[in-house]
Amino acid sequence: MKRYNPKELEPKWQKSWEDSKIYQATEDKTKPKRYVLEYFPYPSGAAMHVGHVRNYTIGDAIARYNRMRGHNVLYPMGWDAFGLPAENYAIKTGVSPKEAVAKNVTHFKKQLMQMGFSYDWSREINSTDPEYYKWTQWFFLLLHKRGLAYQKESLQWWCPHDKTVLANEQVENGKCWRCGHEVEKKALEQWFFKITDYADRLAKDLDDVNWSESIKTMQRNWIGKSNGMVFTSPVKNTDLLIQTFSAHFEAFRADTFVVIAPDHPFLPELVKGTKTEKEVLDFADKMTKKRDSEGYVDEEDVEGIFTGRYTEDPVGNGELPIWIASYALSHYGTGIVKCSVHDERDFRFAKKYNIKLKPVLFPSDKKEAEKVKNLEICYTDMQNGVLTEPKEFNGKIAGQVREEIVKYLEDEQLATAQTSYKIRDWLISRQRYWGAPIPIIHCTKDGAVPVPEDQLPVELPDLKSFEPSGDGRSPLANVPEFVDTTCPKCGGKAERETDTMDGFACSSWYFLRFADPNNDKKAFDKDKAEFWLPVDDYIGGAEHAVMHLLYARFWTKVMFDEGLISFEEPFTTLRNHGMILAPDGQKMSKSKGNTIEPDGLISQGYGADSIRLMELFIGPWNQSVNWSIEGVGGVFRFLQRVWTLVQEYLETGKNGVKESIELTKLTHQTIYKVSKDLENLGFNTAIASLMEATNELYKVKAKDDFAAKNWKDTLKTLLQLLAPFAPHITEELWEQMGEKDSIHTSKWPVHDEKYLKTDKSTIVVQINGKVRANLEMTAGSGEDEVLTKAKADSNVKTYIENKKIAKTIYIKDKLINLVVK
RNA sequence: GGGCGAGUGGCGGAACUGGUAUACGCGACGGACUUAAAAUCCGUUGGCUGAAUAAGCCUUGAGGGUUCGAGUCCCUCCUUGCCCACCA
């Protein structure tokens with residue numbers, strides 16, 4: 001008997017699939033389309049581990065299942081290959097990012113290939129290919145044309161020793177990661193995309209997509225829409241006016257002080273001429289640095305300093321002191337906030353610095369209200385709280401008069417309503433080499449001029465040294481042939497922009513490129529894009545929950561507005577898989593040295609099919625689990641049992657005449673279970689059903705030794721049901737059973753309801769909810785019949801003797817419960 | 001601090017709209033085959049009491065509640081994971 005040897009048969013079938021191109025997708029309109037996509041990976045130097053593999057195994061199972069169900073499946077793969085690691089590696093080793101990426105892609109691709117994923121490799125794309133980033137640049141120009149790209153000065157981390165801009169992750173405890181020198185902030189002119197113009201639509205359209213509530217909530221929080229009011233008031237002893245923001249404006253009569261963000265651009269002007277000017281500015285500077293480097297500052301540690309200025313409150317609360325507070329954000333509202341006792345942080349801040357407080361909002365509970373009055377607790381319930389001021393609203397419930405208060409403040413011209421968003425415009429400038437160059441030419445006469453479309457792509461020149469320029473610009477600034485150019489408008493001498501784009505720009509449209517990957521006239525053909533998109537199943541980890549998904553949605557909406565496509569949301573269904581952790585429960589990472597690569601398992605002889613099965617069987621697809629080496633042996637054993645069963649069947653060469661109804665029923669029940677599980681992505685239970693079916697088949701075999709006529713069909717169906725998970729072994733056995741065409745293009749089996757019915761049922765007898773007996777009954781038995789038999793049961797008898805049956809609950813074919821008193 | 005999840009045997013986990021908790025797999029134990037081991041195959045396997053594959057009691061993070069019946073629904077609490085974060 002031939003032994004199951006994945007090492008031999010897996011490469012054989014991988015080659016066969018490649019040659020026959022069975023996974024290539026075409027715009028065949030006779031079948032329903034299905035676009036299955038995983039986020040295109042970053043081909044890092046660290047190899048792919050079993051955590052990554054899970055992502056692709058889930059996608060592949062979905063793709064294969066739908067293909068067999070007669071769908072026209074697009075399942076592509078590509079590379080998101082721009083980014084910092086390749087550039088750092090280049091600085092360290094001198095190996096150009098281009099070479100490093102090419103090497104990594106080759107390795108990654110080999111690893112994916114040996115797992116037998118059904119990608120349409122003819123559509124492979126790479127974001128660092130000029131043919132690709134040409135169109136990324138084209139989209140930059142589109143955004144620019146539509147007024148959505150602009151330049152603004154912005155602060156960046158700067159290492160004065162290395163003379164280079166640092167990314168957030170390169171700052172460690174306020175020090176440069178390379179030289180350990182203290183970092184500072186440097187103002188640079190940078191490019192932004194105006195995503196804030198789309199904030200409302202990005203928030204609203206979340207209602208229409210089939211994503212998990214958790215991701216939707218994350219995006220909504222990130223966009224952070226809130227309605228507030230802006231008050232304008234004079235600053236005492238100056239001729240300045242300030243605009244203060246309040247989101248808790250219902251209780252505006254409680255406002256007793258104002259806080260300004262330490263990094264607010266208005267601050268120097270505000271404190272100019274005060275006695276404490278220098279002291280205050282120093283303090284603000286320190287605070288900004290601390291906040292930037294540490295991120296979160298504990299609520300207990302709120303800090304602040306009095307600016308020395310007061311403002312005359314426009315709504316009659318008198319003179320309000322202006323403080324700098326560590327928790328105030330310059331980009332939220334106006335960056336200057338009106339504060340009161342009715343906010344947790346304001347409350348804590350005021351207590352710490354003994355700032356006057358005055359409650360005007362109270363809970364209905366008298367005792368609690370007393371505590372609020374005595375400033376013992378902070379009360380913030382703007383929904384249910386009862387207002388005492390202003391007089392017009394005395395006794396009203398805040399949540400019910402919100403609109404009226406807005407109207408009141410606006411009618412009296414005391415404030416104006418303002419919607420504020422937490423989301424900020426997307427900073428896309430990177431002072432880096434390894435990214436798509438921003439297609440802009442700076443002319444002293446004409447300013448920032450877009451590169452004409454016919455001159456795209458602005459190609460990255462090959463460099464010898466990847467060290468930064470030293471003046472804050474990217475290494476591209478060192479290359480005169482790149483920088484020096486002529487202005488497209490006036491023809492005069494001009495310089496190219498040396499910033500490159502954030503990698504998220506490349507990934508904001510790649511899903512469209514897959515629809516038409518080789519188009520050299522356009523980013524994509526409209527018809528092709530609309531044939532395949534939107535993406536039906538987008539599979540990925542939660543790490544992209546906000547940034548990537550938001551940016552991609554933003555670009556899609558811009559394209560919609562431009563008329564390039566007629567849909568506004570790129571991803572219909574989002575599927576977030578759980579993480580695979582190392583056996584010790586920690587995240588797998590190269591630095592921790594606890595990664596497990598599929599290569600090792602394959603060379604141990606398990607094969608890709610076992611690994612794939614293990615990835616899915618280990619637990620629910622959307623939950624995190626610890627990888628278990630022992631478990632792989634279990635699924636390998638299962639595959640071996642399937643292999644052996646088919647070999648034994650083939651060797652007996654039997655072809656019986658009598659159908660085994662037992663086999664038929666088992667087959668249809670398994671079809672039903674596996675199909676249902678796959679619809680709900682219950683991969684682990686689908687595989688469990690297949691294991692159960694196989695165990696049953698062994699039992700039937702022990703009885704009839706393959707005598708039944710329908711053994712062949714039964715085995716073939718089993719292979720088909722297993723095919724989306726274990727594509728190699730099933731393809732091999734399918735062929736051994738005499739099939740000419742691939743199992744992966746065969747038609748997914750359909751169950752027949754009539755075989756799901758059983759003629760017998762086990763009925764549980766409960767006395768007061770406790771199980772006391774089991775009854776074997778013919779299916780569909782009536783209550784009386786069951787009750788009579790239950791009463792006759794010897795064990796049941798002992799419980800109902802001398803007692804009254806007060807009530808009987810009967811669930812057909814399942815259970816009878818006797819309530820006994 | 002905000003948001004979203006999760007707590008079930010020695011372990012990963014299963015359980016449809018409330019209806020036999022522990023499917024499937026791992027591990028462990030016993031047996032068959034073998035000179036032996038590995039591999040394979042066949043059993044057993046939540047805990048306690050019992051000689052028992054008789055019967056009973058207990059058991060889904062803790063405590064209450066609703067119900068004939070709760071892993072599942074409601075309330076209070078505890079633990080833990082992930083994402084984001086000084087967002088008023």
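What's counted below: heavy atoms across the whole structure, side chains too, no hydrogens, waters or symmetry copies. Computed from a predicted model, the values in this text were never measured in an experiment. To find a chain, count down the sequence lines: A is the first, B the second, and so on, and within it residues start at 1.
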- Query: Step by step, would you call A:Glu776 with A:Thr762 a side chain to side chain donor-acceptor pair (under 3.5 Å)?
  - Reply: CA-CA 5 Å; A:Glu776 288 297 321; A:Thr762 306; 3.1 Å; yes

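- Put simply, the side chain of A:Asn684 does not reach to within 4.5 Å of the side chain of A:Trp621, judged on heavy atoms.
- Without hydrogens or angle criteria, A:Thr311 side chain to A:Leu320 main chain gives no donor-acceptor distance under 3.5 Å.
- Separation of the P atoms belonging to B:A32 and B:A38 is 14 Å when rounded to the nearest angstrom.
- Rounded to whole Å, the distance from NE2 on A:His544 to P on B:C4 is 23 Å.
- In RNA chain B, runs of at least 3 stacked Watson-Crick or G-U pairs (N1-N3 plus N6-O4 or O6-N4, or N1-O2 plus O6-N3, all under 3.5 Å) give these stems: B:1-7 with B:78-84, B:10-12 with B:24-26, B:27-32 with B:40-45, B:46-49 with B:55-58, B:61-65 with B:73-77.
- Within the 3.5 Å criterion, the main-chain N or O of A:Tyr755 finds no donor-acceptor partner in the side chain of A:Lys665.
- Considering only side-chain N and O atoms, A:Asn795 lies nowhere under 4.0 angstrom from the phosphate OP1 or OP2 of B:A54.
- Among the protein residues, A:Val337 comes within range of the nucleic acid bases, having at least one heavy atom under 4.0 Å from a base atom.
- One finds no salt bridge joining A:Lys216 and A:Asp207 here, because no Lys/Arg side-chain nitrogen approaches an Asp/Glu carboxylate oxygen to under 4.0 Å.
- Going from atom CD1 of A:Ile611 over to atom P of B:G25 covers 20 Å, rounded to whole Å.
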Check: protein-nucleotides 38-43 of chain B nitrogen or oxygen pairs below 3.5 Å:
{"from": "B:C41", "atom 1": "OP1", "to": "A:Arg641", "atom 2": "NH1", "distance (Å)": "3.2"}

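- The residues A:Lys351 and A:Asp346 are annotated as not salt-bridged, no charged nitrogen and carboxylate oxygen being separated by less than 4.0 angstrom.
- A distance of about 41 Å separates the P atoms of B:A55 and B:A36, rounded to the whole Å.
- As rounded to the nearest Å, B:A15 and B:G61 have P atoms that lie 16 Å from one another.
- As a whole-Å value, the separation of A:Leu616 CG from B:G25 C1' is 14 Å.
- With RNA chain B read from its 5' end, the first of the two nearest nucleotides for A:Phe245 and A:Gly634 is the one closest to A:Gly634.
- Across all strands, A:Tyr799 comes closer than 4.0 Å only to sugar-phosphate atoms, never to a base (heavy-atom distances).
- For B:C48 and B:C41, the P atoms lie 31 Å apart once the distance is rounded to whole Å.
- For B:G50, the glycosidic angle deviates from 0 by 90° or less, giving a syn base.
- Sequence order on RNA chain B of the closest nucleotides to A:Arg424 and A:Lys770 puts A:Lys770 first from the 5' end.
- The backbone N or O of A:Leu574 sits nowhere less than 3.5 Å from a side-chain atom of A:Asn210 that would complete a donor-acceptor pair.
- Rounding to whole angstrom units, CD1 of residue A:Ile336 and P of B:C86 are separated by 19 Å.
- Between A:Leu690 and A:Leu721 the shortest side-chain heavy-atom distance falls below 4.5 Å.
- When the side-chain nitrogen and oxygen atoms of A:Asn695 are compared with OP1 and OP2 of B:G25, one or more of them lie within a distance under 4.0 Å.
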Protein-nucleic acid N or O pairs under 3.5 Å, nucleotides 12-15 of chain B:
{"from": "B:G12", "atom 1": "O2'", "to": "A:Ile618", "atom 2": "O", "distance (Å)": "2.5"}
{"from": "B:A14", "atom 1": "OP1", "to": "A:Asn684", "atom 2": "ND2", "distance (Å)": "3.0"}

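- The closest donor-acceptor contact from the side chain of A:His577 to the backbone of A:Ser624 lies at 3.5 Å or more, if one exists at all.
- A gap of 43 Å separates the P atoms of B:G47 and B:C84, to the nearest Å.
- A:Arg253 places a side-chain N or O within 3.5 Å of a backbone atom of A:Val315 that can act as its donor or acceptor partner.
- Of the C1' atoms belonging to B:G65 and B:C57, the separation is 24 Å, rounded to the nearest Å.
- Taking every side-chain heavy atom of A:Ser326 into account, B:C86 is the closest of B:C24, B:C68, B:C86.
- In this structure, A:Leu690 places its CG atom 13 Å from C1' of B:G25, rounding to the nearest Å.
- Taking A:Arg402 as the reference, A:Glu250 meet the salt bridge (charged side-chain N to carboxylate O under 4.0 Å, His left out) condition, with sequence neighbours excluded.
- With hydrogens and angles disregarded, a donor-acceptor distance shorter than 3.5 Å links the side chain of A:His342 to the backbone of A:Leu361.
- We find that CH2 of A:Trp222 is positioned 21 Å from P of B:G1, with the value rounded to whole Å.
- The CD1-P distance, from A:Ile763 to B:G69, rounds to 21 Å in whole Å.
- In terms of the ring pair (Phe, Tyr, Trp, His ring centres under 6.0 Å) criterion, A:Trp211 has no residue partners (sequence neighbours excluded).
- Base orientation at B:G9 is syn, since its O4'-C1' glycosidic dihedral falls within 90° of 0.
- In the set B:C57, B:A88, B:C68, the nucleotide with an atom closest to the side chain of A:Asp343 is B:A88.
- Between the side chain of A:Asp425 and the backbone N or O of A:Thr196 there is at least one donor-acceptor pair closer than 3.5 Å.
- Surrounding OH of A:Tyr810 are more than 12 heavy atoms belonging to other residues, nucleotides or ligands, all under 6.0 Å away.
- Here the separation of B:C73 from B:G19, taken at their P atoms, is 11 Å to the nearest Å.
- Between the P atom of B:A54 and the CZ atom of A:Arg772 lies a distance of 16 Å, rounded to the nearest Å.
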What are the atom names and distances for every N/O pair under 3.5 Å that joins the protein to nucleotides 19-22 of chain B?
{"from": "B:G19", "atom 1": "N2", "to": "A:Gln766", "atom 2": "OE1", "distance (Å)": "3.3"}

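- Taking the side chain as every heavy atom from C-beta outward, A:Phe504 and A:His548 approach each other to under 4.5 Å.
- Comparing the P positions of B:G43 and B:A23 gives a spacing of 15 Å, expressed to the nearest Å.
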